[in-house]
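Accompanying notes for the structure given below.
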Amino acid sequence: MSQKHATTFISSLCSRGAVCHARALFDEMPERDVVAWTAMLSGYASNGLRREALDVFRRMVAAGAAPNEYTLSSVLTACRGPCAPAMAMPLHAVAVRRGVDRMPYVVNALIDSYASLAEGVVDARRLFDALGSGRTAASWTSMIAGYARWGQERTGLRLFKTMLKDGVELSTFACSIALHACTLVIDLCLGQQLHLQCIKKALDVNLAVVNSLIDMYCTCARILDARSLFDGTPERNLITWNTMIAGYSQCDPLMALQLLLEMNDEPNCFTLTSITSACADLAALRCGKQVHGAVLRRSYSDDLQMGNALVDMYSKCGSITNAKNVFDRMGCKDKFSWTSMIAGYGMNGYGNEAVQLFSSMIHAGVHPDHVVFLSLISSCSHAGLVDEGWNFFRSMINEYNLQPNKEVYGSVVNLLARAGRLREALDLIDTMPFAPDEYVWGALLGASKMHNNVEMGRLAARKITEINPDDVKNYIMLASIYAAGSKWGEYAFTRRSLRGIGSRKEAGISWIEVMDKMYSFTAADSSSPQVCLADEVLHILSQHMDDVGSEFCHIIFKAT
DNA sequence: CTAGGGTTAG
């Protein structure tokens, strides 16, 4: 068999996944030219065997075969990912030495390689600019993707527009990258324009494009548009399902579970993370436990994001012991893991534990940010640890050089006011570097009611009215403060202005799901005869809650 | 006879 024939055979075997047979044949060859080496190398690479591909490259160099432009672009793409930053420079040097560093395929691969590191984007751009008219569609998309990857989405999108102006035909690749950039900066307008272009050029039959469109609409809060694309596409893969489920987990967690039921593919780690966060929003503990079981069976528990979602889910379901168990078992933790656990302690009333965990976090060398301090201060607020909370606020500014944002100020106002230190809360509002919003005043108003402080309540309510005159609960709250302080004249006046607004306080609705039926209740819903039985029903329900909750999940995971 | 770019979760 000639060398040419053997090489053809090798690539053919590799393209059908028979890499081992290809390798056996390769090893039998009495001599191997560049083409043969490259065929073997790219055969490994296209089958995801990057280590083997790199090994072939090393042996090839050692054997004295000179890599050409095919070899270099193959080896560059083979080491995409974690080892790309280390390989970009040396391989670039080889390309220069072989005189192929300006060949489009090589340059495109180099752009991608350099842009795999944030600091390399500038080098990538230099290569891109040097290409001049030698740019291909892939050069553009690699460069745009490089920007989008490192938080320069706007620059990427500008380059995308330049590309179109230069007359480069819109490809499915460019389209999905640009759509992804729109998603990252939440630019619905541009996303919709792109959608239109997709339809015009019939690119919306491409699954990757459809998936990016669905993601874009979900992120831009257009779940219905996302759903109609999802329903309309003739073909769906796991990414399609995961994107749609992730979208629902943000705005309609029950629908996320529903979609999981309809899915025929096996859920993967991404699916289960979204489902876990849906369970967190529903406070569906039994369901969340079933998901956790599915996670353990599939050995996804080592995944960082999965662990974080589980900690969050158990915290929001009030199961702090399980949250702590998951947290403690996590092999590696990031800022989000610590924040979720601290917030979990806080929302369940464990202020001291939250404070303790914060110091463990500092001990572990994790830098706190605004979100951590927000969780921490609100933990202190719930647990009545006023001085501790106040000290964290001070240390946030003085020790960690963090400028508290509006939310943090609001949380500190809440901390002081709930503890009855209304005067100090008001002073803080007066000195904070933001215009106080209705939520800050709302915290003061609520605390004024709690501590029967008519004067402070009147002030807070007046401020809220200036910001939002239609806020009904503001008037109701103020009226009850007057009532408690026996200020009946002002009470009557407030009730009258409430009638003047002509709106009613929206009823708070609670709901409960039993099997596949949804029951809703409103507070003091005496109009419904069923509610007369509410206490009895609730009593029975609480006895059977565990069994009922798990039913739904058994349906979901019956296949596992 | 050998080479390229894209979409998913907190």
Side-chain angles (χ1 to χ4, degrees), chain A residues 2-12 14-15 32-43 45-46 60 67-78 80 100 103-113 115 136-146 148-149 171-181 183 203 206-216 218-219 237-250 256 267-278 280 300 303-313 334-337 339-340 371:
Chain A
S2 78
Q3 201 174 65
K4 267 191 190 178
H5 281 127
T7 306
T8 314
F9 203 15
I10 286 170
S11 343
S12 146
C14 288
S15 71
R32 307 171 191 98
D33 61 5
V34 210
V35 184
W37 282 105
T38 308
M40 193 63 243
L41 192 163
S42 72
S46 58
M60 171 187 175
N68 64 10
E69 71 261 40
Y70 288 86
T71 326
L72 280 158
S73 58
S74 296
V75 71
L76 277 165
T77 37
R80 275 175 61 185
V100 296
M103 310 289 270
Y105 274 88
V106 178
V107 184
N108 295 346
L110 279 169
I111 289 174
D112 217 80
S113 219
T136 64
S139 331
W140 287 94
T141 46
S142 291
M143 195 63 239
I144 296 164
R149 204 177 308 153
S171 69
T172 54
F173 292 101
C175 200
S176 47
I177 294 166
L179 279 167
H180 182 53
T183 306
L203 301 179
N206 177 282
L207 191 51
V209 171
V210 174
N211 290 344
S212 331
L213 278 168
I214 292 175
D215 187 35
M216 186 274 293
C218 285
T219 308
N237 62 11
L238 190 54
I239 294 178
T240 322
W241 284 95
N242 284 352
T243 308
M244 198 66 235
I245 288 174
Y248 274 126
S249 76
Q250 302 291 311
N268 70 1
C269 191
F270 286 102
T271 328
L272 295 183
T273 307
S274 299
I275 293 298
T276 303
S277 102
Y300 291 149
D303 184 85
L304 177 63
Q305 279 74 21
M306 189 71 245
N308 290 349
L310 285 168
V311 170
D312 183 55
M313 183 274 291
D334 65 1
K335 199 160 59 183
F336 295 102
S337 326
T339 312
S340 300
V371 187

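In what follows, every heavy atom counts, from backbone to side chain, and hydrogens, waters and symmetry copies are set aside. Letters A, B, ... are given to chains in the order of the sequence lines, protein chains preceding strands, and every chain is numbered from 1.
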Query - By side-chain contact (heavy atoms from CB on, under 4.5 Å) - contacts of A/Ile214 (at least two apart) - result: A/Val210, A/Cys218, A/Ala226, A/Leu229, A/Phe230, A/Thr240, A/Thr243, A/Met244
Query raised in the report: For A/Ala45, what residues pass the side-chain contact (heavy atoms from CB on, under 4.5 Å) criterion, not counting sequence neighbours?
Result: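 A/Ala53, A/Ala78.
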Heavy atoms only, 4.0 Å cut-off, all strands: where does [X] land among base, sugar-phosphate and nothing?
X: A/Thr136; answer: base
X: A/Ser337; answer: nothing
X: A/Val209; answer: base
X: A/Arg80; answer: sugar-phosphate
X: A/Asn237; answer: nothing
X: A/Ala109; answer: nothing
X: A/Asp312; answer: nothing
X: A/Thr38; answer: base
X: A/Asn268; answer: nothing
X: A/Ile177; answer: sugar-phosphate
X: A/Ala137; answer: base

Requested in this report: Please identify each residue that fulfils salt bridge (Lys or Arg N to Asp or Glu O under 4.0 Å) with A/Asp312, with sequence neighbours left out.
Outcome: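 Here the qualifying residues are A/Lys316.
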Report task. Please list, chain by chain and in numerical order, all residues satisfying salt bridge (Lys or Arg N to Asp or Glu O under 4.0 Å) with A/Lys4, sequence neighbours excluded. Result -> none
Report task. Using modelled atom types only, decide if a donor and an acceptor are shared between the side chain of A/Ser113 and the backbone of A/Leu110 within a distance under 3.5 Å. Result ->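 No; judged by distance alone, with no hydrogens or angles, the pair does not exist.
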**Report entry** Short side-chain to backbone donor-acceptor contact, A/Ser142 and A/Ser139, under 3.5 Å
**Finding:** no
**Report entry** Outermost nucleotides of DNA chain B that come under 4.0 Å of a non-hydrogen atom of chain A
**Finding:**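 Contacts span B/dC1 to B/dG10, reading 5' to 3'.
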**Report entry** Sequence neighbours excluded, every pair satisfying salt bridge (Lys or Arg N to Asp or Glu O under 4.0 Å) that has a member inside residues 104-113 of chain A
**Finding:** A/Arg80-A/Asp112
